[in-house]
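Counting starts at 1 for both ligands and their atoms, in listed order. Keep in mind the model is a prediction, meaning the values are calculated, not measured. Excluded from the calculations below are hydrogen atoms, water molecules and symmetry mates; all remaining heavy atoms, backbone and side chain alike, are included.
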Amino acid sequence: MPSTCKRILVTGGAGFLGSHLCDRLVAQGHDVICLDNLFTSQKINITHLLGKPNFEFIRHDVTHPLWLEVDEIYNAACPAAPGHYQYNPIKTMKTSVMGAINILGMAKRCRAKVLQFSTSEVYGDPEVHPQPESYRGNVNPIGPRACYDEGKRAAETLFFDYYRQNKLNIRVVRIFNTYGPRMHPFDGRVVSNFIRQALENAPITIFGEGKQSRSFCYVSDLIEGINRMMDAPDDFIGPVNLGNPVEFTMLELAKTVIELTGSKSELVYKPMPADDPSQRQPDITLAMAKLNWKPTIELREGLLKTIEYFRSIDFKSFRAPTPNY
Ligand code: NAD
Ligand code: UDP
């Protein structure tokens with residue numbers, strides 16, 4: 001009988017999403033290689049895996065070529081929080097584009113199946129709501145978010161060209177805002193910011209009037225969807241939206257976090273960042289039909305688990321990845 005144990009590479013595997021994916025793949029008995037340059041993460045996310053015989057960590061930057069023999073690749077390496085990807089925008093673009101070229105070249109050589117962690121940011125500030133995969137987006141190509149949005153769009157282009165030109169077995173998932181334990185406490189993203197601020201009884205920073213919306217997916221739901229997409233039949237390559245379609249304003253999120261933490265924090269209003277999308281909600285019809293997938297964890301339940309994690313960590317032991325925080 002052929003072995004069901006696969007050799008799997010996870011780039012960005014020490015990050016928030018990547019480390020949860022590594023947990024799952026290691027538990028499934030696969031031979032997992034986690035590759036990361038630790039730009040926006042710390043080894044603490046994977047220390048519990050380091051002693052396992054079917055897990056290894058490689059510190060490497062995906063903008064440099066790599067040479068490994070694997071059956072599957074999950075390409076998650078890229079700074080994802082606005083403050084992180086805007087810190088060195090040229091490097092962010094290089095990570096998406098040169099990273100994709102290196103990963104796809106390697107996949108072509110060893111005939112590995114390769115899944116790209118794309119993003120709802122490919123839709124920019126969307127004029128179509130909710131966003132189906134067929135929507136081509138509204139991205140400002142020269143704005144401060146472009147290094148990430150356009151880098152991820154170019155990576156999708158490369159994936160589809162390797163599929164058409166080299167018959168590579170690809171998958172593309174477009175991930176909408178996901179949160180949960182192991183988010184970096186100083187990543188500046190809204191869920192981590194609000195929870196950290198609430199636990200410290202510090203002012204909660206609302207950008208703009210807080211009327212902009214996002215749809216928040218709990219990490220375990222997302223990892224389930226990503227794993228299903230990798231295992232989907234070869235005639236379904238995506239792109240497919242993965243996210244929780246229940247939409248909240250930032251003001252609603254702040255009030256819920258204050259209630260769940262019992263915080264004394266007050267709200268303070270800060271200027272709205274440039275090109276900040278005013279609304280975002282995934283249309284997940286395709287994921288439901290093709291992957292039989294939909295999120296199961298409601299926001300309050302997911303926030304309670306995330307708050308519990310943030311209570312358990314010592315913020316002082318986390319190094320802010322960029323000087324912006
Ligand atoms: P994260 O910052 O925790 O993880 C990204 C990981 O990639 C980090 O460990 C970082 O050190 C690593 N990395 C960055 N540049 C690298 C490079 N040049 N070489 C090697 N490693 C590098 O963020 P995350 O939320 O876990 O995001 C993971 C992936 O999912 C990213 O590709 C991101 O674009 C995508 N994504 C995430 C979300 C979300 O809401 N969390 C939404 C859409 C897309
Ligand atoms: N945001 C906010 N206060 C914060 C951090 C973020 O009001 O302290 C807002 C931000 O302007 C955006 C939303 O929350 O409208 C989500 O921001 P995040 O950086 O988490 O993700 P993204 O903008 O990439 O969806």
Exercise. Does a side-chain N-to-carboxylate-O contact under 4.0 Å join E308 and R311?
Worked result: no

Exercise. For ligand 1, which atoms have a heavy atom of A77 less than 4.0 angstrom away?
Worked result: 7 (O), 20 (C), 21 (N), 22 (C)

Exercise. At what distance is the nearest protein heavy atom to atom 13 (C) of ligand 2, and which residue and atom is it?
Worked result: M250 SD, 3.7 Å

Exercise. For ligand 1, is any non-hydrogen atom under 4.0 Å from A81's backbone (N, CA, C, O), its side chain (CB onward), both, or neither?
Worked result: neither

Exercise. Salt bridge between K294 and E224, side-chain N to carboxylate O under 4.0 Å?
Worked result: no

For this session: Do me a favour and list the nearest non-hydrogen protein atom to atom 1 (N) of ligand 2 with residue, atom name and distance?
Result: F207 CD1, 3.4 Å

Problem set entry | Within-shell test, R182 vs ligand 1, heavy atom, strictly < 4.0 Å | no

For this session: Would you mind checking which non-hydrogen protein atom is closest to atom 3 (N) of ligand 2, with the distance to 0.1 Å?
Result: T205 O, 2.6 Å

Exercise. Where's the contact between M183 and ligand 2, heavy-atom distance under 4.0 Å: side chain, backbone, both or neither?
Worked result: neither

Problem set entry | Note: R7-D31 ion pair, threshold 4.0 Å (strictly below) | no

For this session: May I ask whether L38 has any heavy atom positioned less than 4.0 angstrom from an atom of ligand 1?
Result: yes

For this session: Name the closest protein heavy atom to atom 9 (C) of ligand 2, giving the residue it belongs to and the distance to 0.1 Å.
Result: Q212 NE2, 3.7 Å

Problem set entry | Salt bridge R145-E121, side-chain N to carboxylate O under 4.0 Å | yes

For this session: For P82, take its heavy atoms, then give the atoms of ligand 2 lying under 4.0 Å from any of them.
Result: 19 (O), 24 (O)

Exercise. What's the shortest distance from atom 21 (O) of ligand 2 to any protein heavy atom, and which residue and atom give it?
Worked result: N177 ND2, 3.5 Å

For this session: For the pair R228 and D231, find out whether any cationic side-chain nitrogen is under 4.0 Å from an anionic carboxylate oxygen.
Result: no

Problem set entry | Short N-O contact, D23 and R182, less than 4.0 angstrom | yes

Exercise. Can a salt bridge be assigned to the pair R300 and E298 using a cut-off of 4.0 Å between side-chain N and carboxylate O?
Worked result: no

Exercise. Under 3.5 Å between some N or O of ligand 1 and some N or O of N75?
Worked result: no

Problem set entry | N292 atom CG, neighbour heavy-atom count above 12 within 6.0 Å | no

Problem set entry | NZ/NE/NH1/NH2 to OD/OE distance under 4.0 Å, E247 and R280 | no

For this session: Report the part of I204 in contact with ligand 2, treating N, CA, C, O as backbone and CB onward as side chain, heavy atoms under 4.0 Å; options are side chain, backbone, both, neither.
Result: neither

Problem set entry | S118 and E156 side chains, donor-acceptor separation under 3.5 Å | yes

Exercise. Going by distance only, is there an N or O of R280 that falls short of 3.5 Å from an N or O of ligand 2?
Worked result: yes

Exercise. Counting only N and O atoms by type, is there a donor-acceptor contact under 3.5 Å from the side chain of S41 to the main-chain atoms of L38?
Worked result: no

Seminar exercise, completed: At under 4.0 Å between heavy atoms, what of H60 touches ligand 1? The answer is backbone

Problem set entry | Q197-ligand 2 polar pair, N/O distance under 3.5 Å | no

Exercise. Do ligand 2 and V190 have nitrogen or oxygen atoms that lie under 3.5 Å from each other?
Worked result: yes

Exercise. Which heavy atom of the protein is the closest neighbour of atom 22 (P) of ligand 2, given with residue, atom name and distance?
Worked result: R145 NH2, 3.5 Å

Exercise. With a cut-off of 4.0 Å, which atoms of ligand 2 are near a heavy atom of G188?
Worked result: 5 (C)

Exercise. Just distances here: any N/O of F39 and N/O of ligand 1 closer than 3.5 Å?
Worked result: yes

For this session: Say whether R189, considering both its backbone and side-chain N or O atoms, lies within less than 3.5 Å of an N or O atom on ligand 2.
Result: no

Problem set entry | Pair Q131, D283: side-chain N/O donor-acceptor within cut-off below 3.5 Å | no

Exercise. Within the distance-only criterion (no hydrogens, no angle test), does the side chain of N138 pair as donor or acceptor with the backbone N or O of D125 below 3.5 angstrom?
Worked result: yes

For this session: Indicate, as side chain, backbone, both or neither, the part of H184 found under 4.0 angstrom from ligand 1 when only non-hydrogen atoms are considered.
Result: neither

Problem set entry | Salt-bridge criterion met for D234 and R171 (N-O under 4.0 Å) | yes

Seminar exercise, completed: for atom 11 (O) of ligand 2, nearest protein heavy atom and its distance come out as D276 OD2, 2.5 Å

Exercise. Under 4.0 Å from ligand 1, counting heavy atoms only, is it the side chain of N177, its backbone, both or neither?
Worked result: backbone

Exercise. Is S118 near ligand 1, meaning one of its heavy atoms is under 4.0 Å from it?
Worked result: yes

Problem set entry | Closest to atom 35 (C) of ligand 1 (judged by heavy-atom distance), picking from Y148, F16, Y179, F176 | Y148

